[in-house]
Amino acid sequence: MDPRRMSDESVDSDSYRAFWADEFADQIEARLAEHGGSDDPIVIKGGVSPSGVAHLGNINEIMRGFFVAEVLRARGHEVRQVFTSDDKDPLRKLPRKLADSSGEIVGLGEVDAGALGRNLGKPYTAIPDPFGERESYAAHFAALLEADAERLGVPLDLYSNTALYADGTFDPVVRHVLKNADRAREVLSQYQAKVDADYVPFNPVCSECGKLTETVTNIDLAAETVDYICTDMNVGDTTIEGCGHEGTASFRAGKLPWRFEWPGQWQVLGVDFEPFGKDHAEGSWPSGVDIAENVLDIEPPVPMVYEWFTLNGEALSSSAGNIVTVTELLELLEPEIIRYFFAINPKKARDLDLSRLDQLVDDFDRFERAYYAALDDERLTAFAEAAYPHVVREVADERPIRLPYTFAAVLGMVDDPAFREKLARDEGHIPADADERDIERALARIQKAREWAERNDNQYNYRLQTELPATEFDTNVADALDSLAGVVADGATGEEIQAAIYDTAREHDLAVGDLFEAGYRLFFDETQGPRLGEFLGDLEADFVVGRLRRER
RNA sequence: GGGCUGGUAGCUCAGUUAGGGAGAGCGUCUGGCUUUUAACCAGACGGUCGGGGGUUCAACUCCCUCCCAGCCCGCCA
């Protein structure tokens, strides 16, 4: 088989799929049919090194697989979504940012960086948790990732790669690869120039210093051990020093190089489908297919390549600090909107612009409307029909109440929950007969939008001032405010107040803008704000009157 | 240098699998909501579909070529 085959193979050209996950489900079913269709449960895998904070890019690995798993489940298959924490990999460089056990980002300076630095070259599972809580560095970050998955409603079977070696799961693969080291070498050499006659596809852990080494001098198949010398290891532009120790390691005291380990995982976990980023598409994947077929003698899973997305127009980068975590994002968005983000076309490189989250939310709301009531957009409707149930996890009988995100941000200018609800009702966003729980759910968006407005300090970042701001007005402005107060005291409605602002300004020979500005100053301590008259009309009249008179 | 993926309106994206009308939402502008101030409504403006060439009656779509971005082709994962 062509090792470069990509995901478009075996797609039935007659079957158009509105949702990409259906296409992959088709491929997986076709693959199953080839060997009798008795392969349940279907195994979908993903995996990352627990090298540091799991940012939203890493969540691709989880969410892309999730949608395919969900589609297959809906078709009646039993599906396991497994995820490997590739935690026997060595720590190669210190991350600049970490995250504590609640997911809050902290700088490297806040932990014992020196202690961490001494662990370069050791497997993540052999490094202490910098926060001193879990059994290892790996366990700390794996727990965070697992928590993210849970918050997104994705059930995962998380595997520690180290554990797979330790408990013997990997034994048959290691044995096989080392027994067929010549073949392994021959296959891999087609993909990696560095693979020469001395290459051994195994990296032992040095019994002296605990670091992974790559200089194996002898394989003893009978004893199932290798001899090694702990030499220096080049990692990028830095060198991790070996201790020079010459020793012997068992097949479990080390690991396969990634190019073999990945296909090995397919074998021991029985993987049917695996999504991966475009970085793997041209490197590990072709060699992995070749190794699976010609070294391990297994069939590789159905692949899927996803494009990377950018954050605020720039590449995601832990070192540059351009990352966002699920924890952070959940303060700004409902989980279904994060899932929606990963439901859209994985082949397109997209940008997640945190300053324009309103756009993403609007898109989601529209997507949701398309599911409940066909919009005049066939593509969107077809996509929503296929994807929406998996995005929301539980489909409500009726379309949930949604406040437009920017409107929610406007409501976030006031703190009083009852007032927020009143405004939303007045504006027609909440049906009169709406259920209490549904309203509560809808209003929950306000807090997220408020957080968004504050964090971006954007045009919605105003807050109703509960205390009288320090102000100074010209006499005629002050007079105008007093007479406006009179209008409000007489029980004017919002619309009437709005009209009165214009009238009053004219009567007092003021530019309308100046009076508006005075009003915004009094209520928001700003020069601009939401539509003032209607806003004031919804506030308590006594409060408005007192404030307009600069009394409280 | 070779390969893979992407490039459609100011922004976010559909549409390319199978050639036939260039689209949506948001933003902007204008108008309405009794008279510039963000929530609501209506309309308009807005694109050489990255550039060029070719095939075709017809190209965003197929072919060639070039440009831009990311990734892979060293190591590592």
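Everything numeric in this text was worked out from a predicted model, so none of it was measured. The figures here come from the full heavy-atom set of this structure, side chains too, leaving out hydrogens, waters and symmetry mates. Chain naming here is simple, since letters A, B, ... match the order of the sequence lines and numbering starts at 1 in each.
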Could you work out which one of [options] sits closest to the side chain of [X]?
X	options	answer
A:Q359	B:C11, B:C13, B:A39	B:C11
A:R506	B:U35, B:C75, B:A77	B:U35
A:D503	B:A77, B:A39, B:U35	B:U35
A:S49	B:U16, B:C71, B:A77	B:A77
A:K348	B:A14, B:C71, B:U5	B:A14
A:H280	B:A39, B:A77, B:U12	B:A77
A:E282	B:G3, B:G74, B:C71	B:G3
A:D362	B:G6, B:G70, B:G25	B:G25
A:N345	B:C76, B:A14, B:C71	B:A14
A:D363	B:A77, B:U12, B:A39	B:U12

May I ask you to say whether [X] pairs ionically with [Y], meaning some side-chain N is under 4.0 Å from a carboxylate O?
X	Y	value
A:R463	A:D415	yes
A:E307	A:K348	no
A:R420	A:D416	no
A:D358	A:R356	yes

When the [atom1] atoms of [M] and [N] are compared, how many Å lie between them, rounded to an integer?
N	M	atom1	result
B:G2	B:C64	P	15 Å
B:C11	B:G46	C1'	13 Å
B:C49	B:U61	C1'	10 Å
B:A9	B:G23	C1'	10 Å
B:C72	B:G50	C1'	23 Å
B:U48	B:G43	C1'	27 Å
B:G74	B:A69	P	23 Å
B:U12	B:G7	P	13 Å

Between A:R259 and A:S287, do the side chains contain a donor N or O and an acceptor N or O under 3.5 Å apart? yes
Looking only at side-chain N and O atoms, does A:Y340 offer a donor or acceptor that is under 3.5 Å from a partner on A:E334? no
Whole-Å gap separating [atom2] ([N]) and [atom1] ([X]):
X	N	atom1	atom2	answer
A:L188	B:C75	CG	P	8 Å
A:Y199	B:C75	OH	C1'	11 Å
A:R356	B:U12	CZ	C1'	8 Å
A:F341	B:G25	CZ	C1'	17 Å
A:D351	B:A69	CG	P	17 Å
A:F407	B:C40	CZ	P	7 Å

With no angle test and no hydrogens, is the base of [N] tied to the side chain of [X] by a donor-acceptor pair under 3.5 Å?
X	N	result
A:R92	B:C76	yes
A:S284	B:A77	yes
A:K194	B:G74	no

So what's [N] paired with, Watson-Crick or G-U wobble, going by both distances under 3.5 Å?
N	result
B:G6	B:C68
B:G31	B:C41
B:A22	none

With sugar-phosphate meaning primed atoms plus P, OP1 and OP2, does [X] contact a base, only sugar-phosphate, or nothing at under 4.0 Å between heavy atoms?
X	result
A:Y306	nothing
A:G428	nothing
A:F535	base
A:W308	sugar-phosphate
A:A499	base

Is the shortest side-chain N/O distance from [X] to OP1 or OP2 of [N] below 4.0 Å?
X	N	value
A:K255	B:A77	yes
A:Q192	B:C76	yes
A:R350	B:A14	yes

Who pairs with A:P404 by side-chain contact (heavy atoms from CB on, under 4.5 Å), at least two apart in sequence or on another chain? A:F407, A:H429
Tell me every residue that passes side-chain contact (heavy atoms from CB on, under 4.5 Å) with A:A382, counting only those two or more places apart in sequence or in another chain. A:A18
Close residues, residues 509-521 of chain A, relative to RNA chain B [heavy-atom separation under 4.0 Å]: A:G513, A:F516, A:Y520
Could you tell me which non-hydrogen atom of A:L56 sits nearest to which non-hydrogen atom of A:F342, and how far apart they are? O-CZ, 3.5 Å
Rounded to the nearest 0.5 angstrom, the OH-CZ distance for A:Y388 and A:R399 is 9.0 Å
